[in-house]
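First up is the structure itself, then whatever we jot down about it.
Below, each value reflects all heavy atoms present in this structure, side chains not excepted, and no hydrogens, waters or symmetry copies.
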Amino acid sequence: MNDEKWFTLALKYLQRRPMSEKEIGDYLKKKNAPADVSLQVVIFLKEKKFLDDVAFASWWIDQRTRFRQKGKFLIEQELLQKGVSRDTIAEAFANTKEEILSDLEKAKIVLQKKKEKFIHLSKHERYQKAGSYLARRGFDTESIRKSIDEIFSS
C-alpha cells in the first residue's frame, strides 16, 4: 500500500460498523483522497476481506429485521443507496440464516405497538394514518391493509 494515511483513515472509518464499498469510496473522496488511491484502498480492503458487500448487505438486513422492523422494500432501497447492487441484495436475502418474518407479520408487530394512537379514530382515518405510518416504514400495500384489518378487528 503506497499511502498508509488513506488506508488507516479507511480502517478507522470501518471500526464504526460494517460498510459497503461505495461508502468507503465516498468517505475517502470526502476526505480529498485522490481517486486512484481511493480505488487502491477499496481493492486492498476487499482483498483482505475487510470489505464484502454481500456480508454487509446480510448484516444490514439482519439489523433492519431484528431491531427496526422495516419492510423488505425499504431495506432494499437503503442498500441501493449505499451502493449495493440488486444482485448482491438478492443474494444477501437468500443467504440470511434466520427466518425473516414476513412483511405482514412485521407490520402487525409495528402496528400493535402504536395501536392506542389509532384506536380512537374513525375507520377511514385509521386506514389513512396507520397506513401512511406503515408505508413510511417500507411495508407494501397488501401487508398494510391486512395488518390494519387484523389488529383493529379484535
Lys31 and Trp6: CA distance, side-chain angles, deciding distance, side chain to side chain contact (heavy atoms under 4.5 Å, CB included) verdict:
CA-CA 9 Å; Lys31 294 293 184 180; Trp6 302 112; 3.9 Å; yes
Rounded to the nearest 0.5 angstrom, the NZ-CD1 distance for Lys46 and Ile24 is 13.0 Å
Same apolar cluster: Val54 and Phe50, side chain cutoff 4.5 Å:
no
What pairs with Lys82 under side-chain hydrogen bond (donor to acceptor under 3.5 Å, both in side chains), at least two apart in sequence or on another chain?
Glu23
For Met19 and Leu51, which heavy atoms make the closest approach, and how far apart are they?
O-CD2, 3.5 Å
Measure the acute angle between the ring planes of Phe44 and Phe7, then classify it against the limits of 30° and 60° as parallel, tilted or perpendicular.
perpendicular
Heavy atoms of Ala107 and Leu134 approach each other most closely as O-CD2, 3.9 Å
Spacing of Ile61 atom CD1 and Ile89 atom CD1 [to the nearest 0.5 Å]
7.5 Å
Atom pair CD (Glu91) and OG (Ser85), whose distance is rounded to the nearest 0.5 Å
8.5 Å
Does Tyr27, at its OH atom, have more than 12 non-hydrogen atoms belonging to other residues, nucleotides or ligands within less than 6.0 Å?
yes
In terms of hydrophobic clusters joined by side-chain contacts under 4.5 Å, are Val37 and Leu45 together?
yes
Distance to the ring centre below 6.0 angstrom and angle to the axis at most 45 degrees; does that hold for Lys129 and Phe118?
no
Is it possible for you to say whether Trp59 and Phe93 belong to one hydrophobic cluster, with membership spreading through side-chain heavy-atom contacts below 4.5 Å?
yes
What are the two closest heavy atoms between Arg136 and Leu74, and how far apart are they?
O-CD2, 3.9 Å
Side-chain donor/acceptor of Ser147 to backbone N/O of Ser143, under 3.5 Å:
yes
Are Trp60 and Phe73 connected in the hydrophobic side-chain network, where two residues link if heavy atoms are under 4.5 Å apart?
no
What's the spacing between Ile148 CD1 and Ser153 OG if we round to 0.5 Å?
12.0 Å
Any Lys/Arg nitrogen of Lys108 or Glu105 sitting under 4.0 Å from an Asp/Glu carboxylate oxygen of the other?
no
Donor-acceptor pair, distance only, cut-off 3.5 Å: does the side chain of Thr8 make one with the backbone of Glu4?
yes
Closest non-hydrogen contact found for Leu79 with Ala57 is CD2-CA, 3.9 Å
Indicate yes or no: at least one non-hydrogen side-chain atom of Glu150 is less than 4.5 angstrom from one of Leu111.
no
Keeping the roles fixed (side chain from Asp53, backbone from Glu21), state whether a donor-acceptor pair exists under 3.5 Å.
yes
Nearest heavy-atom contact between Ile144 and Gly131 is CG2-CA, 3.5 Å
Say you draw a straight line from CG of Asn32 to OG of Ser38; how long is it, rounded to the nearest 0.5 Å?
11.0 Å
With a 4.5 Å cut-off on side-chain heavy atoms, are Tyr133 and Gln128 touching?
no
Within the side chain of Arg137, is there an N or O that forms a donor-acceptor pair under 3.5 Å with the backbone of Lys70?
no
Minimum heavy-atom separation for Glu116 and Ile119, please, with both atom names.
O-CG2, 3.5 Å
CD of Gln81 to CD of Gln77, rounded to nearest 0.5 Å, is 7.0 Å
Is there a side-chain contact between Lys115 and Phe152 in this structure, where contact means two heavy atoms from C-beta onward sitting under 4.5 Å apart?
yes
Joining Ile, Leu, Val, Met, Phe, Trp and Tyr whenever any side-chain heavy atoms lie under 4.5 Å apart, the cluster holding Leu39 also takes in Ile43
Set of side-chain contact (heavy atoms from CB on, under 4.5 Å) partners for Lys30, sequence neighbours left out:
none
